[in-house]
Amino acid sequence: MASTHDMAARGAEVLVASNRGPVSYEVREDGSLHAKRGGGGLVSGLSAIGPDAGALWVCAALSDGDREAVARGVGEEGVRMLPIPADVHADAYNGIANSVLWFIHHLLYQTPLEPVFDAEFRRQWASYEAYNGAFAEALAEEAAEGAAVLVQDYHLCLVPGMLRELRPDLRIGHFSHTPWAPVDYFGILPGDIREQLLQGMLGADRLGFLTRRWANAFTACCTEFAGELGKTQIGVHGLGADADFLRERSHRLDVDERMADLRAQIGEGRRTIVRVDRTELSKNIVRGLLAYRQLLDDHPEWRERVVHVAFAYPSRQDLAVYRDYMTEVRRVTEEINAAYGTPGWTPVLLNLEDDFARSLGAYRLADVALVNPIRDGMNLVAKEVPVVSDEGCALVLSREAGAYWELGEDAIVVNPYDVLETARALHEGLTMKPEERAERTKRLSAAATALPPAKWFLDQLTALRELQPT
Ligand SMILES: O=P(O)(O)OC[C@H]1O[C@H](O[C@H]2O[C@H](CO)[C@@H](O)[C@H](O)[C@H]2O)[C@H](O)[C@@H](O)[C@@H]1O
Ligand SMILES: O=c1ccn([C@@H]2O[C@H](COP(=O)(O)OP(=O)(O)O)[C@@H](O)[C@H]2O)c(=O)[nH]1
């Protein structure tokens, strides 16, 4: 192994670490590797930083295709993919990160039955530790003396503490893209696990959150379960949409073509209610469909005159609960279409593919955007729609999305559990006067792009570098 001095001599000055990287590979039948852009908001945010920033992005190999790419030495410039063994990654990502930590921070457990912290959980926890350890080692190996390392999200909570042990010279930041759980809910976790998670993160010099609400929840958990924050600084950085990228990307030919196709499916002269999400439990897609059905009941005048275009692209399909949720989304859609549809009108158009260009086409033509998560760190879709919208779009927004704190004033705000209120909000959005809609969209767009990804990243980097060495 190279000495610390050798590493420092050739290492990177800025490093980013996240589970999901900018691309993922798939092995085609002819044996070739096909690269696909990583989905979700974390990648949308970090991709904007680009290779020009000179940062090294350390991420996990997520699929067999990714592991094959590593084995063949294929990869993007400025990206290092870690070939973590598939079983270790599955336990850490599916088992701990997405079935436990994601559920805790998004309040998703149905507590009479779940969670159960048993021997299987402990086995998976050991993989989570090993997986975090692999990141800490790779970062320690790649970082120049005194470099800044920005660790991302709940997959990597233990990395800051581990990395501090290996390389005390580094400036270490950690950023949470999720909400943070309230004290009583975080308290569901076993005591030693709570402690390890908090102490792992407190190994960072600086912790970032998307809203003050999530930052406050974290500090409350520290006070309750870890005693104190120590010297770790807390910052709030509300990741915004990337206006330049979105405006250029949404006017390319492929988007125009998909828009024309969508228009043909929707039908002449009809209004549209659009949603775009991963098929994610916390996005509340089923209640969104129920609210739309309620709208058709409360306001029969909308029948045949409106279409709900719902993009629910696959996410975390290794987990049965996510597969079941997708089945439920499909079932409720079919039920609505069977009950209300007519020969010339399909009330819900459900898109289950990850098709970014088609989603952008839907953003452009939407009359109303429905963003009703039960709980969401930020929700970039709420910020992207107003930027891209052709003629203005009313935004129905959950007060439980981080984006609410920045967009709440010009959105129609809803309690995500309240289907009747959401139905009323959809009606309000559909009947909003075009001038008011356009005005609100302009203000929403300005608020949504106030902190573009590149600045979001630079602000954190600067703050980290300005900290006095401890
Ligand atoms: O990587 P996946 O398991 O496929 O999930 C996709 C991402 O989901 C979460 O995104 C969050 O980050 C967004 C940007 O800050 C934020 O707007 C959104 O509210 C969050 O849900 C997750 O935190 C990421 O790690 C995932 O990559
Ligand atoms: O087919 C699609 C449609 C959308 N998006 C992008 O996925 C991100 C979703 O981020 P958000 O913060 O709304 O939620 P997350 O999925 O990260 O929880 C947005 O930037 C979308 O543009 C995507 O990757 N593929």
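Note that these values count all heavy atoms, side chains included, but never hydrogens, waters or copies made by symmetry.
Side-chain contact annotation: Tyr322 with Glu280, donor-acceptor N/O pair under 3.5 Å present. For the residue pair Tyr131/Asn19, the side-chain donor-acceptor check at 3.5 Å is satisfied. Side-chain contact, Ser398 with Glu400: no donor N or O sits under 3.5 Å from an acceptor N or O. A donor-acceptor contact closer than 3.5 angstrom is absent between the side chains of Glu76 and Trp57. A donor atom on one side chain and an acceptor atom on the other are not found under 3.5 Å apart for Arg287 and Asn372.
Within 6.0 Å of CD on Glu248 lie more than 12 heavy atoms contributed by other residues, nucleotides or ligands. Annotation for Asp87: atom CG counts as buried by contact number, over 12 foreign heavy atoms lying within 6.0 Å. Other residues, nucleotides and ligands contribute over 12 non-hydrogen atoms within 6.0 Å of the CD atom of Glu436. For Glu391, the CD atom is loosely surrounded, since the number of other residues' heavy atoms within 6.0 Å does not exceed 12. Few gaps surround CD on Gln317; more than 12 heavy atoms of other groups in view lie less than 6.0 Å from it.
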- [ ] Starting from the C-alpha separation in whole Å, work towards a yes-or-no answer on salt bridge (Lys or Arg N to Asp or Glu O under 4.0 Å) for Glu353 and Arg358.
- [x] CA-CA 9 Å; Glu353 274 155 54; Arg358 203 172 167 83; over 6 Å; no
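At least one side-chain heavy atom of Leu395 sits less than 4.5 Å from a side-chain heavy atom of Val371. You'll find the side chain of Pro182 stays beyond 4.5 Å of the side chain of Asp184, heavy atoms only. Side-chain contact check for Phe245 versus Ser47: every heavy-atom pair is 4.5 Å or farther apart. Residues Val329 and Val286 have side chains in contact (heavy-atom distance under 4.5 Å, counting atoms from C-beta outward). For the pair His427/Asp298, no side-chain contact is recorded, criterion being any heavy-atom separation below 4.5 Å from C-beta on. Looking at heavy atoms from C-beta onward, Arg194 lies out of side-chain contact with Ile104 at the 4.5 angstrom threshold. Val100 is not listed as a side-chain neighbour of Pro115, based on a closest heavy-atom distance of 4.5 Å or more. Counting heavy atoms from C-beta on, the side chains of Arg249 and Phe356 come closer than 4.5 Å.
Taking the charged nitrogens against the carboxylate oxygens, Glu409 and Arg443 have no contact shorter than 4.0 Å, which rules out a salt bridge. A salt bridge is absent between Lys442 and Asp410: the closest approach of a Lys/Arg side-chain nitrogen to an acidic carboxylate oxygen does not fall below 4.0 angstrom. With respect to the salt-bridge test (charged N to carboxylate O, under 4.0 angstrom), the residues Glu141 and Arg80 qualify. By the 4.0 Å N-to-carboxylate-O rule, Glu421 lies too far from Arg424 to be salt-bridged with it. The residues Asp367 and Arg437 are annotated as salt-bridged, a charged nitrogen and a carboxylate oxygen being separated by less than 4.0 angstrom.
Rounded to the nearest 0.5 Å, atoms CH2 (Trp405) and CE (Met378) are 12.0 Å apart. Annotation: the span from Arg206 atom CZ to Gln233 atom CD amounts to 5.0 Å, rounded to 0.5 Å. Atom CG in Leu108 sits 10.5 Å away from atom OG in Ser99 (nearest 0.5 Å). One finds the CZ atom of Arg364 at 13.5 Å from the SG atom of Cys393 (value rounded to the nearest 0.5 Å). Atom OH in Tyr128 sits 14.0 Å away from atom CZ in Arg122 (nearest 0.5 Å). Within the model, atoms CG of Leu139 and CE of Met162 stand 11.5 Å from one another, a figure rounded to the nearest 0.5 Å.
Across all their heavy atoms, His308 and Arg275 have their closest contact at CE1-CG, 3.9 Å. Residue Asn379 comes nearest to Pro373 through the heavy atom pair ND2-CG, 4.3 Å, listed as atom of the first residue, atom of the second, then distance. Taking both residues in full, the closest heavy atoms of Pro314 and Asp354 are given as CD-N, 4.2 Å, listed atom of the first, atom of the second, then distance.
Taking the six-membered ring for Trp and thresholds of 30 and 60 degrees, His89 and Tyr93 have nearly parallel ring planes, at less than 30 degrees apart. Using a 30° and 60° split on the angle between ring planes, Trp180 and Phe186 fall in the tilted class, from 30° to 60°.
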